[in-house]
Each structure stands twice: as structure tokens, then as C-alpha cells.
Amino acid sequence: MKIRLVNDGVFSPIDDIQTTLTAPPAGFFWIDADVDDLALLQPLFSLHDLAVEDCLSDEEQRPKIEIYESHYFIVVNSIRFDDEEIFLRSLNVFLGRHYIITVTKQRIHELRSLKPILWEQEVSTPDRFLYLLIDLVVDNYFTVSDRIEAKIEKLEEDILMHTKKSHLNEIIGLRSEILWLKKVLGPQKELINTLNKRDLRLIDDQLQKYFSDIYENAVKISETFDTFRDLMGNLREAYQSSIANRANEIMRVFTAITTIFMPLTVITGIYGMNFDYMPELQWKYGYFGIIGIMITLIISMLIIFRKKDWI
């Protein structure tokens, strides 16, 4: 657990947790904790039992805001994409008058990225900290969506150029991830809309209006993933069409080969009959003549097929 006094974006480490129980002359306290620290923090800040239970739960938490007497409990989902799978990590926030507590089970990239932003904007209030944190979380969705879009484009190119059976598994897997993420984005939009429109005493009225900008970005993200869902459907159709076309190409080649060998089979069948009188059998150059005819037939049919673009 790390405790910092934040004033005008400047961080000052705090060693004694008791110091954070009273409001500082200027700035606010940021307590960056993990779930094990809640046993100490809950009685000190009167954190609600249900909120602490949500933090400790192994079940995936939906984005939400819970209003309690002395603090708000907010859950947002941070996103990460490693080119194979999309990960969502819950970021739990307790917002008070003079403090903000962030509780995570894993390392959240946005918390590390937030520090220089706090310094640059000279942040001195916990509600502005919350605004910048959620803004950073939502912006990261754009970064992930760009990577997903690039992956879809590459997958489409690979399918059109060299279709493989493994591509179908990639399509199904990525589409499932997108559909799952789309379901999560709904509650996240509702949370941000609540922060934008609801009368919240721990968030400054002027600052609350800025949440509308984050809400618009959240809507754009949701629409982007709607588009991705449609693209994955088109990609699956392209895969199936490519497989069908390749099967047709193979069948066309086999048909051409069969067609070429049909007259050769007729010739060999005729001269394979066991009649006593077949004049060509006694001809000195009969064998070479028949071979020549067969080769001429093969070449002629290949030329015709190539001209007609059959092979």
C-alpha cells in the first residue's frame, strides 16, 4: 500500500495511515492499495461492507457506482489486449471528501500513466483525480480498438491470399471476445452517464460537466465494437467463400485432368482388345504413332483449356 499527499500535482509520501483520517490543509490523499489492505482500510474509513465484499469477490464485477453516506464506491474496467485475448481488469475506487482509494488485484497500467498527468494539470482534488483516471481508462479502449482493427485487416488479407483452417478458429475466437466486450461496455456507459447527469455531492458541479465528453467517447467505443462485430461476420463469409472457391479450383483441375485422360483411355482400350486381325499391330511404327497421337491430344487439350482459362 502506498499513501501520497497530492497537492498541485506534487506527490508527498505519507508513512502514517492515521494522518489520512483528517483532511489536509491543501490537496488530498491518494491511497493505492491491494485487496489485502482492505482489512486495515475498512474500519479507518468506514468503507461499506458490500463495497469491500465486491472488491474481494473473485467474480467479475460490472462497472457501477454505489452512493454511501461518507463515500462513493466506483468500479470501472481497464482493458488490455495482447494480440491473442482481451483482458478486463476491475479498478475499484473509493471516493471521499479528502481522499481517494484505488484498490486492484493486478497492476493497472492507467494508474502508472496517470501520475505525470496529475503533475502536469496540477491536480489538488480527488474528484478531478477520478475524472482523469476514468478518461484515461476510456482512452485506452481506443488504443485497443485500433489494434483489434489492425488484426482484423491482417486476418482479412491472409484469408484472401492464403486461406488456412486455422483462420476459422481465429475468427470465432476474436468474434467471441468482441461480443463479450460489447456486453461489458453497456454498464460502463451507464456508469459514466451517471457521473455526468446525477447530482453527486462529492463531485464538483463544474467538473461533472466534463464527464459528458468521456460519455461521448464511450458511445463511440461501443459503436466501434458494433462495427467490429459486423466485420467479423463478413470475415467469416469471406473465409467460407475462399474455401469454396479453392475447392472449386481443385475440382476444376481434377476435371481437366480427367477430361484429358478420357480420349487416351479410349485409345488404349481399343488397342488393348484381343482381336486377331488389327492392321496397326503389325505396323513397324505403330507404337510410336499411337504415342505421338496421344501426346498431340494432351498438348492440344492443354492449349484449349488454357485459352478458355479452365486451368
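Along the sequence shown, residues are numbered consecutively beginning with 1. These numbers were taken from a predicted model, which means no experiment stands behind them.
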#### Entry: side chain to side chain donor-acceptor pair (under 3.5 Å) against Asp8, all qualifying residues, sequence neighbours excluded
Ser124
Donor-acceptor pairs under 3.5 angstrom involving side-chain atoms of residues 19-33: please list them, not counting sequence neighbours.
residue	atom	partner	partner atom	Å
Thr19	OG1	Asp16	O	3.1
Thr20	OG1	Ile17	O	2.6
Trp30	NE1	Thr102	OG1	3.1
Asp32	OD1	Thr102	OG1	3.1

### Task
Report the residues that fulfil salt bridge (Lys or Arg N to Asp or Glu O under 4.0 Å) with Lys182, sequence neighbours left out, ordered by chain and then residue number.
Asp226
When the side chains of residues 125-144 are checked against the rest of the protein, which donor-acceptor pairs come out under 3.5 Å, sequence neighbours left out?
residue	atom	partner	partner atom	Å
Thr125	OG1	Asp127	OD1	2.7
Asp127	OD2	Asp204	N	3.0
Arg128	NH2	Gln121	OE1	2.7
Asn140	ND2	Ile79	O	2.9
Asn140	ND2	Glu110	OE2	3.0
Tyr141	OH	Asn77	O	2.9
Tyr141	OH	Gln188	NE2	3.4

### Task
Would you mind listing every ring-ring contact (aromatic ring centres under 6.0 Å, His included) that reaches into residues 33-52, with sequence neighbours excluded?
Phe45-Tyr99, His48-Tyr68
### Message
Once salt bridge (Lys or Arg N to Asp or Glu O under 4.0 Å) is applied, do any residues pair with Lys220, and if so which ones, sequence neighbours excluded?
### Response
none
### Message
For Lys183, give me all partners under side chain to side chain donor-acceptor pair (under 3.5 Å), at least two apart in sequence or on another chain.
### Response
none
### Message
Considering only residues two or more places apart or on different chains, which pairs with a residue in residues 99-108 satisfy salt bridge (Lys or Arg N to Asp or Glu O under 4.0 Å)?
### Response
Asp58-Lys105
### Query
What pairs meet the side-chain hydrogen bond (donor to acceptor under 3.5 Å, both in side chains) rule with one or both residues in residues 35-47, with sequence neighbours excluded?
Gln42-Asp49
### Message
According to ring pair (Phe, Tyr, Trp, His ring centres under 6.0 Å), who are the partners of Phe228, at least two apart in sequence or on a separate chain?
### Response
Phe225
### Query
Which residues pass the side chain to side chain donor-acceptor pair (under 3.5 Å) test with Asp54, sequence neighbours left out?
Lys64
### Task
Could you pull out all residues at least two apart from Ile267 that satisfy side-chain contact (heavy atoms from CB on, under 4.5 Å)?
Tyr271, Ile290, Ile293, Met294, Leu297
### Message
side chain to side chain contact (heavy atoms under 4.5 Å, CB included) for Val35 and Asn92? Distances and angles first, verdict last.
### Response
CA-CA 10 Å; Val35 292; Asn92 306 296; 5.6 Å; no
### Task
Without swapping roles, check the side chain of Thr268 against the backbone of Leu264 for a donor-acceptor pair under 3.5 Å.
yes
